[in-house]
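Structure first, then comments.
Note on naming: letters A, B, ... go to the chains in the order of the sequence lines (proteins, then strands), and numbering restarts at 1 for each one. Everything numeric here is computed off the predicted structure, so don't read it as measured data.
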Protein chains: 2
Amino acid sequence: MKDVARRAGVSQATVSYVINGSEDERIGQATRDRVFAAARLLGYRPNVAARSIRTQQSNLIGFVTDTVASTPFAGAMIKGAQDAARAASKILLLINTEGHAEVENTAIETLLEHRVEGIVYATMYHRPVVPPPGLRETEAVLLDCYCEDRSLASVVPDEVTAGRTATEALIRKGHRRIGLLNNSDDVPAASGRLAGYRQALAAHQLDSDPALIQCASGGTARAGYEAALALLSQPDRPTAVFCFNDPMAMGAYDAIRKLGLTIPDDIAVIGFDNHEVIAPALHPGLCTMQLPHYEMGQWAVRHLLGGPESEPGPVQRLLDCPYIERESI
Amino acid sequence: MKDVARRAGVSQATVSYVINGSEDERIGQATRDRVFAAARLLGYRPNVAARSIRTQQSNLIGFVTDTVASTPFAGAMIKGAQDAARAASKILLLINTEGHAEVENTAIETLLEHRVEGIVYATMYHRPVVPPPGLRETEAVLLDCYCEDRSLASVVPDEVTAGRTATEALIRKGHRRIGLLNNSDDVPAASGRLAGYRQALAAHQLDSDPALIQCASGGTARAGYEAALALLSQPDRPTAVFCFNDPMAMGAYDAIRKLGLTIPDDIAVIGFDNHEVIAPALHPGLCTMQLPHYEMGQWAVRHLLGGPESEPGPVQRLLDCPYIERESI
DNA sequence: CTATATTGCTTAATCGTATAAGCTCTAGTG
DNA sequence: CACTAGAGCTTATACGATTAAGCAATATAG
């Protein structure tokens, strides 16, 4: 800036005023032109570190994930966060911790040293967490997770409503005996979707036969295959199944084929996740629910920045999962 | 720092020396203890912006992607880059541009204003690019892409070798008529793997019947399904197929089943990508090649930082794709 | 024709840190 | 006992910006 000033024959302060385009400051057009010309000529580029030390704001937002590889979900959350940040001319400082507590603490410490304006703490799947203490020292939003005491703002998918919506998609097509292939792990997704499933049955006066619920661990295609085989080998088998996620639905497809049944004529299937690479690729295309990862990422950053959506105190925000229709129902 | 100094009864410079643990500087143990105590008491945390303005290094690395959502690959690359950065106590500044040229330019401008020590420019799939001009103004590495004139360092998968390895995996199990379900799009992955396929056939004195090569566009399950149907309906059909990627292999599975054939007895199948959610989930498990996304991300950052792997001048680095064995051959 | 307002700058202080150079002791040397 | 070395600090400056306050010249008002 000093060099630019010298070249343009003005003071360094003037250069600052011109570069920042301060409307209120009164700098003549001729001078402005000279400054811009000199800046271009010298290839001047402002130094954000110096600026942020002076203005006391970093324009940085910390984003801590427990996993970034091995899941397409992380990408969607990052993109949502990044888009919201960009809209406010902020930029993301990304740290992946692989869930390692020690790494997590130093990561947050690093972010605080960078004077981030807030931290988004994201997990790969919806679950309760005990937030690292460092989070308390700045604005923080939990993304796809929450702390039991609700002392930090968080945004998660509305599992219950999604479970109800999915089940109702089956009911709407006339199904009366509806199976649930659930995840047996103790996660909010499993309990929430189960609750939604029950709500839907109750709302339509369908009784909830425990034999219709089959659980398996892991949420993998193999788990889905075996659970589906067990569920559908029963005497009075359901005409539709709601699967915990798309990989399990993929396994269910295999099981259904193995039993010589067809989708959707003998058995209707609905999955969960709208997994880009599974749902449209299955034959027939898999009806499923989409997790609002992008929207959650976006909401998290907007909330941090205290946008229009910012409410007072720590909020727990539930976001809807849209129903994605294809041919499996 | 000034506050800590006051509280510890020393000068600000002394605090700086103590905090940075400068071995050479001669500060008494008693003073060191007082400073640390005061720092802890006041919750002092260094300001990296101020530090970086003084030391003239930001410890920041820019990471620009054209896609981050809708692909698990981005995650692996980011993680590789991030791990390498962490090892050198650097931190990633992430910007996603969705391939939009204008966004790309402002993104790079922003990174330069942050005085990043280098920029990793990553694409979601292996392809040639014309790098944004801003990249020339700092250290830059192209990740999963390259510029035609090789004027920038880049790291990409070794498609040719991978194509040969995949084909040889089939040959090794005794297959003599090997089909190729390729992507008809003009991408290095398609031409490279085709070349590798031909090399392998030639090396084993197998003739390369053009009827064995079936192409389709998009690399989707549907494309694979149709290409496989066409390829396998021929009179003298192959006993094995090498598929351009895992989604196409997934489609091929459907086609093979439709034709009443079984895997691997009638037809052996090998895919490409080792897609977490497809390859292990198919019945039988899909043999495939793994793209070295993690390693490429890691290499890119290491190269930027001029680690042991840094060679002079712009390099084009090819990284191997390991073969992942399952049950489909 | 003087007093005041406005325009168009400049001067100087400040943000939080790093570090060269200097200063004051004390201990050791000849 | 004077002199030097080193230990253990402090002083002062710089990094690259922002911004309040001031100052000179010109325009406007009375």
Side-chain angles (χ1 to χ4, degrees), chain A residues 1-39 42-60 89 91 109-117 137-138, chain B residues 1-39 42-60 89 109-117 137:
Chain A
M1 217 172 221
K2 227 180 282 178
D3 294 343
V4 172
R6 192 174 315 123
R7 193 111 216 329
V10 298
S11 74
Q12 177 260 324
T14 300
V15 176
S16 175
Y17 285 129
V18 172
I19 296 287
N20 291 2
S22 329
E23 289 302 328
D24 53 325
E25 269 307 318
R26 309 147 302 190
I27 308 283
Q29 190 55 50
T31 309
R32 298 190 118 91
D33 294 347
R34 277 198 341 272
V35 169
F36 279 125
L42 299 179
Y44 169 76
R45 207 166 351 237
N47 183 319
V48 298
R51 174 178 290 165
S52 82
I53 202 186
R54 186 56 239 252
T55 61
Q56 303 284 62
Q57 53 164 307
S58 64
N59 289 316
L60 293 172
S89 340
I91 172 168
E109 190 58 31
T110 303
L111 293 177
L112 291 172
E113 291 183 357
H114 278 270
R115 300 296 189 268
V116 291
E117 299 180 3
E137 303 196 31
T138 180
Chain B
M1 216 172 221
K2 229 179 282 180
D3 294 343
V4 173
R6 192 173 314 123
R7 194 114 216 324
V10 298
S11 72
Q12 174 263 321
T14 301
V15 177
S16 174
Y17 286 129
V18 172
I19 295 287
N20 291 1
S22 329
E23 289 301 328
D24 53 326
E25 269 306 319
R26 310 145 302 191
I27 309 282
Q29 190 56 47
T31 308
R32 297 192 118 90
D33 294 346
R34 274 196 346 270
V35 168
F36 279 126
L42 299 179
Y44 170 77
R45 204 165 355 234
N47 182 320
V48 298
R51 174 177 290 166
S52 83
I53 202 187
R54 186 58 237 249
T55 60
Q56 303 285 61
Q57 52 165 310
S58 64
N59 290 315
L60 255 25
S89 344
E109 190 58 30
T110 303
L111 292 177
L112 291 172
E113 291 184 356
H114 278 270
R115 300 297 188 267
V116 291
E117 298 181 3
E137 303 195 31

C:dC9 OP1/OP2 closer than 4.0 Å to side-chain N/O of A:Thr14: no

Provide, to the nearest angstrom, the distance between the CE atom belonging to A:Met1 and the P atom belonging to D:dT19. 11 Å

What is the distance from CG of A:Asn59 to P of C:dC15, rounded to the nearest Å? 20 Å

Please determine if a side-chain N or O atom of A:Ser16 lies less than 4.0 Å away from the OP1 or OP2 oxygen of D:dG16. no

Taking the side chain from A:Arg34 and the backbone from A:Ala8, do they hold a donor-acceptor pair closer than 3.5 Å? yes

Measure the CZ-CD distance between A:Arg51 and A:Gln57 for me, rounded to the nearest 0.5 Å. 10.0 Å

Separation of A:Ile27 atom CD1 from C:dT6 atom C1', in whole Å? 14 Å

DNA chain C contacts made by residues 43-52 of chain B, counting heavy atoms under 4.0 Å: B:Tyr44, B:Arg45, B:Pro46, B:Asn47, B:Ala50, B:Arg51

Is A:Gln56 touching bases, backbone alone, or none of the nucleic acid, heavy atoms closer than 4.0 Å? sugar-phosphate

Starting from C1' on C:dC15, measure out to CG on B:Asp3 and report it in whole angstrom. 13 Å

Under 3.5 Å, side chain of B:Arg115 to main-chain N/O of B:Gln56, donor-acceptor pair present? no

Here the distance between atom C1' of D:dG16 and atom CD1 of B:Ile53, to the nearest Å, is 4 Å

Between P of D:dG22 and CZ of A:Arg26, the distance in whole Å: 13 Å

B:Arg6 atom CZ is separated from D:dC9 atom P, nearest whole Å, by 19 Å

On DNA chain D, more 5' by nearest nucleotide between A:Ala13 and B:Gln12 is B:Gln12

Contact class for A:Thr55 (heavy atom, under 4.0 Å): base, sugar-phosphate, or nothing? sugar-phosphate

To the nearest 0.5 Å, what is the distance between CE on B:Met1 and CD1 on B:Ile19? 5.5 Å

For atom CZ of A:Arg32, decide whether the heavy atoms of other residues, nucleotides or ligands shown that lie under 6.0 angstrom number more than 12. yes

Rounded distance [0.5 Å steps], CZ in A:Arg54 versus CD1 in B:Ile53: 11.5 Å

d(OH, B:Tyr17; P, D:dT10) in whole Å: 11 Å

Nearest-0.5 Å distance that lies between atom CZ in B:Arg45 and atom NE2 in A:His114: 12.5 Å

Taking only the side-chain heavy atoms of A:Arg54 (C-beta and beyond), determine which of C:dC9, D:dA17, D:dT10 contains the nearest atom. D:dA17

